[in-house]
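The structure appears right after this line, and notes come after that.
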Protein chains: 2
Amino acid sequence: MLSIGEFSRLTHLSVRTLRRYHDAGLLEPEDVDPVTGYRYYGGEQIPTAQVIHRLRELDVPLPDVRRILDSPDPGTRAALVADHLQRLESELDRTRTAVASLRRLLHPEPATLDVELRAVPATPVAAVEDDVDLDSVLTWYAGAMAELDAAVPDPTGPPGGLYDNALFEAGRGHVLVYRATDQPPRSGRVHAATLPAVELAVTTHVGGHDDIDVTYGELGAWVVANALVVSGPVRETYLVGPRDTADPAAWRTEIGWPVFRVAPH
Amino acid sequence: MLSIGEFSRLTHLSVRTLRRYHDAGLLEPEDVDPVTGYRYYGGEQIPTAQVIHRLRELDVPLPDVRRILDSPDPGTRAALVADHLQRLESELDRTRTAVASLRRLLHPEPATLDVELRAVPATPVAAVEDDVDLDSVLTWYAGAMAELDAAVPDPTGPPGGLYDNALFEAGRGHVLVYRATDQPPRSGRVHAATLPAVELAVTTHVGGHDDIDVTYGELGAWVVANALVVSGPVRETYLVGPRDTADPAAWRTEIGWPVFRVAPH
DNA sequence: GTGGGCCGTCCCGCCGCGGGAGGGTCAAGC
DNA sequence: GCTTGACCCTCCCGCGGCGGGACGGCCCAC
């Protein structure tokens with residue numbers, strides 16, 4: 001039987017950390033003196049401690065470590081670990097795109113922003129809409145657009161979406177994706193809707209969506225400089241998107257921000 | 001002039017976050033109403049907001065973001081950014097080794113642990129020692145060993161080190177690296193020292209140091225199973241190390257834990 | 001002038017870890 | 001037996017960056 005200090009030396013985990021792992025139910029000491037509260041560990045707990053150590057090095061949250069250790073079946077365990085590696089992978093992707101975007105941001109090409117003010121009439125469309133969290137919007141989009149495509153075999157224009165400002169401000173907001181069509185059908189989540197008539201400040205973002213907010217910013221600056229005010233959900237129209245070509249550099253996304261002129265007072 | 005809400009919509013930064021960035025001195029509003037405290041931003045602040053956004057996506061701490069933005073010279077800026085990318089890179093390395101080690105841990109080879117109990121006499125050596133933080137121990141080791149090599153041209157054995165248990169428990173402890181030699185010299189930090197006579201539980205770790213603590217654990221378990229108790233700083237002897245071959249798989253590190261027999265009571 | 005949306009400040013919680021206070025326990029040496 | 005010092009216990013706080021929520025003042029269109 002090992003005192004917590006001895007066990008700490010054997011595992012290279014600090015005493016404080018061992019106590020925390022006990023409290024969290026990750027690594028129960030083999031014995032706890034009911035009077036003094038002293039923790040006593042067994043030598044065979046060392047491998048477990050090391051697995052925990054490794055998982056923590058990979059920033060696996062304590063509750064997830066618990067789940068992994070508690071799963072008796074090695075297959076389940078492996079799946080949970082693989083899950084986490086997957087998460088690390090996607091985080092790495094996020095980092096990569098952020099680095100690339102930062103590079104572009106610090107070495108900007110001369111801005112060739114082409115903004116057009118366009119009055120858009122009310123438009124009947126087939127749409128799918130919902131309240132969505134910002135971090136699940138991509139998944140939601142894929143599902144909604146697939147359903148939309150199935151229901152609208154002969155669209156009369158490129159796909160698009162309306163994104164509530166709250167989505168970016170509060171991390172959750174109303175999202176609507178649509179396809180223009182002559183006879184809006186109704187099936188599943190797909191229903192007929194009408195995009196309201198608005199005046200749009202429109203520009204086109206070229207390339208992947210990693211730094212689309214730069215274009216958003218430039219468009220916003222243009223709107224401000226022209227004494228306009230944004231109002232209502234932004235519209236994106238996917239002129240050329242992943243469905244057209246796998247090369248993000250070729251994508252064309254039209255961004256339209258509903259605006260109205262500030263009354264000069 | 002833009003209210004904080006409008007600026008938030010234009011930059012995809014939440015209102016709360018913008019306020020925090022103001023408090024932290026990262027992004028001062030162009031104007032603050034002295035009476036109401038209302039913040040007003042200018043359109044030309046959008047690009048700055050986006051740079052901050054990107055740096056935060058890379059987990060650059062706010063004070064560092066401040067330093068980057070405050071440096072007027074683009075060269076300095078680039079250097080600071082490169083610094084951070086470097087840090088991300090090394091973190092990635094850490095992750096990679098942790099993943100590899102975890103894999104080994106979950107699919108263990110049959111343990112072939114060969115432990116020897118060895119009485120070691122007092123040994124005169126040339127040494128460099130210091131109190132070191134755990135996260136700077138590798139750097140310290142490189143410098144100390146280089147100095148040691150320069151001062152001891154004809155060592156009579158492989159290099160080694162003594163590592164205070166506190167280094168692992170508290171993150172900081174006393175470290176001593178040494179080379180055996182007939183005539184211990186004195187130059188710079190190098191001085192004569194004597195390793196005390198101890199009884200060592202000794203085993204050899206094969207491979208890189210990524211999962212050396214697994215061997216530590218196995219050795220510890222052996223010590224416990226044989227009714228021994230560890231006492232004093234662990235000794236590592238680098239039989240085959242990076243100075244000998246670049247292939248970590250070929251490294252041999254002898255780990256010796258001072259022990260004494262528990263009095264049977 | 002009034003309502004509702006916007007803005008302000010302040011405090012709390014999250015996560016995993018360490019620092020530190022304040023007090024009880026164990027074991028070696030007398 | 002007793003003292004001493006190392007060891008162990010619990011409890012609270014701070015870190016960093018963000019969000020949630022309370023509470024109150026401000027702005028503007030009706």
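A note on names: the letters A, B, ... follow the listed sequences, proteins ahead of strands, and every chain is numbered from 1.
- With sequence neighbours excluded, the residues forming a side-chain hydrogen bond (donor to acceptor under 3.5 Å, both in side chains) with B/D64 are B/R67, B/H84, listed by chain and number.
- The shortest distance between the side-chain N/O atoms of A/S3 and the OP1/OP2 oxygens of D/dC8 is below 4.0 Å.
- A/V132 is linked by a side chain to side chain contact (heavy atoms under 4.5 Å, CB included) to A/D130, A/S136, A/V137, A/W140, A/V175, counting only residues two or more places apart in sequence or in another chain.
- Contacts of B/A24 classified as side chain to side chain contact (heavy atoms under 4.5 Å, CB included), with partners at least two apart in sequence or in another chain: B/L26, B/L62.
- Not counting sequence neighbours, the partners of A/T76 by the side-chain hydrogen bond (donor to acceptor under 3.5 Å, both in side chains) test are A/D73.
- Listed by chain and residue number, B/R66 satisfy the salt bridge (charged side-chain N to carboxylate O under 4.0 Å, His left out) test with B/D70 (two or more places apart in sequence, or in another chain).
- With B/Y216 as the partner, the ring-ring contact (aromatic ring centres under 6.0 Å, His included) test is satisfied by one option alone out of B/W257, B/Y163, B/W222: B/W257.
- By the side-chain hydrogen bond (donor to acceptor under 3.5 Å, both in side chains) test, B/T48 pairs with no residue at all, sequence neighbours left out.
- Contacts of residues 43-52 of chain B with DNA chain C (heavy atom under 4.0 Å): none.
- Atoms CG (A/D64) and P (C/dC15) sit 11 Å apart, rounded to a whole Å.
- Separating the CD atom of B/E6 from the C1' atom of C/dC7 is a distance of 12 Å, rounded to the nearest angstrom.
- Per the geometry, CG belonging to A/L2 stands 15 Å off C1' belonging to D/dC7, to the nearest Å.
- Applying the side chain to side chain contact (heavy atoms under 4.5 Å, CB included) criterion to B/A221, with sequence neighbours excluded, gives A/I46.
- Whole-Å rounding puts the A/M1 CE to D/dC8 P distance at 15 Å.
- Side chain of B/E91 to main chain of B/Q86: no donor-acceptor pair is present (N/O by atom type, distance under 3.5 Å, no hydrogens or angles).
- In this structure the side chain of A/R54 never reaches within 4.5 angstrom of the side chain of B/T97, judged on heavy atoms.
- Taking atom CZ on A/R19 and atom P on C/dG19, their separation rounds to 13 Å, with Å as the unit.
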Per-nucleotide protein contact along nucleotides 12-19 of chain D, 5' to 3', at a 4.0 Å heavy-atom cut-off (B base, S sugar-phosphate only, - neither), is -----SBB
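- B/T203 places no side-chain N or O within donor-acceptor distance of the main-chain N or O of B/L219, the cut-off being under 3.5 Å.
- Within a heavy-atom distance below 4.0 Å of DNA chain C, the residues of residues 24-41 of chain A found are A/T36, A/Y38.
- A heavy-atom distance below 4.0 Å to DNA chain D is reached by none of the residues of residues 80-88 of chain A.
- Atom CG of A/D23 and atom P of C/dG16 are 13 Å apart (whole Å).
- Every residue meeting the side-chain hydrogen bond (donor to acceptor under 3.5 Å, both in side chains) condition with A/T215, not counting sequence neighbours, appears here in chain and number order: A/H205.
- Put simply, the side chain of A/R235 never gets that close to the backbone of A/G256: no donor and acceptor are under 3.5 Å apart.
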